[in-house]
Amino acid sequence: MTVFFRILAAFVLFPAGAVAEVAVSVAYLQQQVERPPVLSNLDPEPQDLGLAGAELALADNLTTAKFLGHKYKLKVTTVPENGDWLDAARRVLSETPFLILDAPAQSQLQVADLPEAAGAVLFNVSAPDLAIRDETCRANLLHTLPSGAMRTDALAQFLVKRRWDDLVLIAGEHPGDLAFAEAIERSLTKFGMKLQAEKTWRFDADLRRNAAQEVPLFTQEFGDYDVLLVADELDDFARYIPFNTWEARPVAGSEGLQPVTWSRVVEQWGAVQMQNRFFDQNGRSMKSKDYAAWAAYRSLGEAVTRTQSDDPAVLRDYILSDAFELAGFKGRAMSFRAWNGQLRQPIPLVTNRAVVAMAPLEGFLHQRTELDTLGIDEAESRCTAFKEG
Amino acid sequence: MRLATLWAATALCAPAVADEIWVSNEKDDTLSVIDIETLEVIRTIETGERPRGIAFSKDYSVLYVCASDSDSVQVMDPETGKILHDLPSGEDPEQFVLHPNDRHLYIANEDDAITTVVDTQLRTVIAQIDVGIEPEGMAVSPDGKIAITTSETTNMAHWIDTETQELFANTLVDSRPRHAEFVKDGTELWVSSEIGGTITVFDVATQTEKAKIEFEVDGVHPDRVQPVGFELSTGDETAFVALGPSNHVAAVDAETYEVEDYILVGRRVWHMDFNADKSLLFTTNGVSGDVTVIDVAKREPIKTIKVGRFPWGAAFRPTN
């Protein structure tokens, strides 16, 4: 009798129907990586990059939870570069199956392959590498950060649309630069273009003093072209390229017009509200990795709200299902690609001051969703892990 | 130049002859007043920053304006266009609804996850109610007993008992709920979900979902069909639903919940209002910066009227 009344009371208090306790604890597992020095100190990387986004999602989820009787927690574990990464991962996995991974691709794969991670739900918020979404994909590893390919496809769509197809590239020597340069070339091929010329950035002089002398000569050899593409994902030299080129040409890629996950200039689609919440909470503007971490924890929260469950298998199934949708302030409902666990999402093409365009651009069609014109599509995917089980 | 000024002054003072539609221009900090006879803008009135929700008092003697970035609700004399005073509104008021008692305003504070209840006569806040993140859609039942706030990121309709000013139910809807209306004498509550692409119909007595309305516009990807504002025709027979960036308004049979027509309007259609006999419908088109006039019987657009930047809300004002 008493039990009956208690259940009744629970229904009255939470009409949406939470009876058993639903509690989700997420671990933000971060591997510190030393950043190579860059030419300018103007834009230091925030200490809480990524984590701040997860914290905002926690606050968002907690507000919804208040009305449903659900519980959410966020715990941070930071592993120094020479620390025992896998030991830390094992400890975290013994506490919760829900992890946000902020680490290089290889480190993420090591965690995904731990026996303790079987059945876990891991979110990659930091590695743009195509391979971990493709031939080395793992069924327990989802990606809320877009791949480099999604970003460069967005840029290529813009170049096609503007008919700026005579293109040259300057790439840095850092592995991230090379990967981005490779992604650019892949995207240009995909959309029927190719590079007319490519140069490697090998300067070791301090460009703050002599960019005006070096860059014109360096770019003179390119002759005529429409757009100068730059691959400098480290944010080292690209800032010194615009207005120093021999020909008066726009710059795009890692500088000038940039395809990004997120930027403070995104203000349509209700984004202003999220930008304001983020700024109030952290005293700085939201960046791409923050957005990816926000999207990871919000995706989990959305799945918990809709399924009323905290079971990782139930949540993973829901997240990968057609029913799932995340309102991500980029103008369209976002969902996960069931074949490789990538969050499909629009890519803003931005300058420092404004959104120039939002990809997918009008006219780029796809039989499933236009969002799948960005990145690896199902037909070309080499990821098989999601097909099993 | 001089003549124009004189003319404007005369227009301001002369007794109005035709009814009007008032439109808030979010990015111009102005209101555009449209003459329903001539279908032209006859006045442009300055407001506080980022005006969005607008509503007249029952006797149309004052206009309430959500000046979101001024963090206030302004009370305007519609005859003179002068701001009489500000109401305490809480931060970033976006939308509101006037209680049938003509006295209490229920205001969604978008940045604060709060619904503020203001007494417009005493100019005081009488309650603040914690709701979900980014409250936006506001409605109150015809009998005045229930107020609704929808929250865009929490994806809920929050049901407020106006007697106690407390929540008595919270119901999930699809992603990014934007607008709510009580329909059919308050027996149904309709909530539009922008990203979900649906309208959820609730049975008010039980607060349970009764139906879901879905939309499909030819040649427009479902992602871009985003229902926002909606209004009902005479007798609540037909609902007209603004579908955002699909640039269409849907006409929905309110009995069967089936979509009957799609009407092409301007870009990113947002909110709307009717004229007195509901024969004309005026939609605000944010991106194209204009208002589309729809012939309700024919379900056809008949005119486009240029207004300010990012028109948001629309409100009817009779002048006779």
Side-chain angles (χ1 to χ4, degrees), chain A residues 11-18 56-57 59-69 267-277 279-280 294 298 301-302 305-306 308 323-335 344-346 358 360 362 364-373, chain B residues 26-27 50 68-69 91-92 94 108-114 130-136 149 151-159 167-178 193-198 202 206-209 219-226 228 244-245 268 286-287 310:
Chain A
F11 268 110
V12 173
L13 278 174
F14 307 117
L56 182 68
D60 287 2
N61 288 339
L62 280 173
T63 308
T64 307
K66 195 166 64 181
F67 302 109
L68 296 172
E267 56 175 346
Q268 264 198 65
W269 312 287
V272 167
Q273 277 69 247
M274 183 162 77
Q275 304 274 25
N276 288 346
R277 285 207 304 281
F279 195 92
D280 289 348
W294 174 85
R298 270 296 296 135
E302 187 63 23
T305 301
R306 300 292 170 183
Q308 307 279 329
F324 178 88
E325 60 182 17
L326 181 68
F329 304 94
K330 294 207 267 189
R332 291 172 186 242
M334 310 196 311
S335 54
R344 47 168 79 89
Q345 56 192 295
M358 196 74 167
E362 221 176 312
F364 292 89
L365 303 177
H366 192 280
Q367 67 280 13
R368 187 184 301 102
T369 155
E370 289 156 23
L371 290 174
D372 283 349
T373 61
Chain B
E26 183 180 353
K27 300 227 166 168
R50 204 174 176 206
S68 301
D69 286 359
E91 266 187 63
D92 194 26
E94 174 161 10
N109 297 120
E110 190 171 26
D111 273 1
D112 263 3
I114 282 173
D130 280 338
V131 293
I133 293 176
E134 292 169 36
E136 170 144 346
T149 300
S151 49
E152 284 176 48
T153 293
T154 302
N155 301 326
M156 278 183 178
H158 305 281
W159 302 64
L167 298 177
F168 69 93
N170 301 285
T171 46
L172 279 170
V173 293
D174 290 331
S175 285
R176 283 187 89 72
R178 281 285 195 173
S193 292
E194 183 189 12
I195 293 291
T198 58
F202 287 98
T206 58
Q207 301 103 48
T208 51
E209 187 177 318
V220 180
H221 193 275
D223 283 0
R224 299 179 68 81
V225 179
Q226 303 179 348
V228 188
R268 205 205 70 165
V287 172
F310 278 79

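Within every chain, numbering begins at 1; the chains are lettered A, B, ... in the order of the sequence lines, protein sequences first and strands thereafter. It should be emphasised that the depicted structure is a prediction, and the values quoted were computed from it without experimental measurement.
Atom CZ in A:Arg344 sits 9.5 Å away from atom CG in B:Asp223 (nearest 0.5 Å). B:Asp112 contributes atom CG, which lies 9.0 Å from atom CG of A:Asp280 (distance to the nearest 0.5 angstrom). Taking CZ from B:Arg176 and CD from A:Glu325, the interatomic distance works out to 11.5 Å, rounded to the nearest 0.5 Å.
Among B:Pro222, B:Ala113, B:Gly132, the residue with the largest count of heavy-atom pairs under 4.5 Å with chain A is B:Gly132. Counting heavy-atom pairs closer than 4.5 Å to chain B, the top residue among A:Arg298, A:Met274, A:Arg277 is A:Arg277.
Nearest heavy-atom pair, B:Ile195 versus A:Ala333, reported as atom, atom and distance to 0.1 Å: CG2-CB, 3.2 Å. Of all heavy-atom pairs spanning A:Glu302 and B:Ser175, the tightest one is OE2-OG, 4.3 Å. Shortest non-hydrogen contact noted between A:Phe329 and B:Thr153 is CZ-OG1, 3.5 Å. Between A:Thr63 and B:Val131 the shortest heavy-atom distance is CG2-O, 3.8 Å. Of all non-hydrogen atoms in A:Thr369 and B:His221, the two that sit nearest each other are CA-NE2, 3.5 Å.
B:Arg224 touches chain A through its side chain: at least one heavy atom from C-beta onward sits under 4.5 Å away, while N, CA, C and O do not. There is no contact between A:Gln268 and chain B, counting heavy-atom distances below 4.5 Å. Of the atoms belonging to B:Glu136, not a single heavy atom falls under 4.5 Å from chain A. Heavy-atom distances place the side chain of A:Asn276, and not its backbone, under 4.5 Å from chain B. For A:Leu371, the part lying under 4.5 angstrom from a heavy atom of chain B is the side chain only.
The shortest side-chain heavy-atom distance between B:Met156 and A:Leu68 falls under the 4.5 Å cut-off. Using a 4.5 Å cut-off on side-chain heavy atoms (C-beta onward), A:Arg306 and B:Asn155 make contact.
The ring pair (Phe, Tyr, Trp, His ring centres under 6.0 Å) check on B:Phe310 picks up nothing, with sequence neighbours excluded. Applying the side-chain contact (heavy atoms from CB on, under 4.5 Å) rule to A:Gln275 yields the partners A:Trp262, A:Val266, A:Met286; only residues at least two apart in sequence or on another chain are considered.
Panel note: side chain B:Glu152, backbone A:Ala327; no donor-acceptor pair is recorded below 3.5 Å.
Heavy-atom neighbours of A:Glu362 CD from other residues, nucleotides or ligands within 6.0 Å: at or below the threshold of 12.
Checked against B:Thr154 for a side-chain contact (heavy atoms from CB on, under 4.5 Å), the options A:Asn61, A:Thr305, A:Thr64 give a single hit: A:Thr64.
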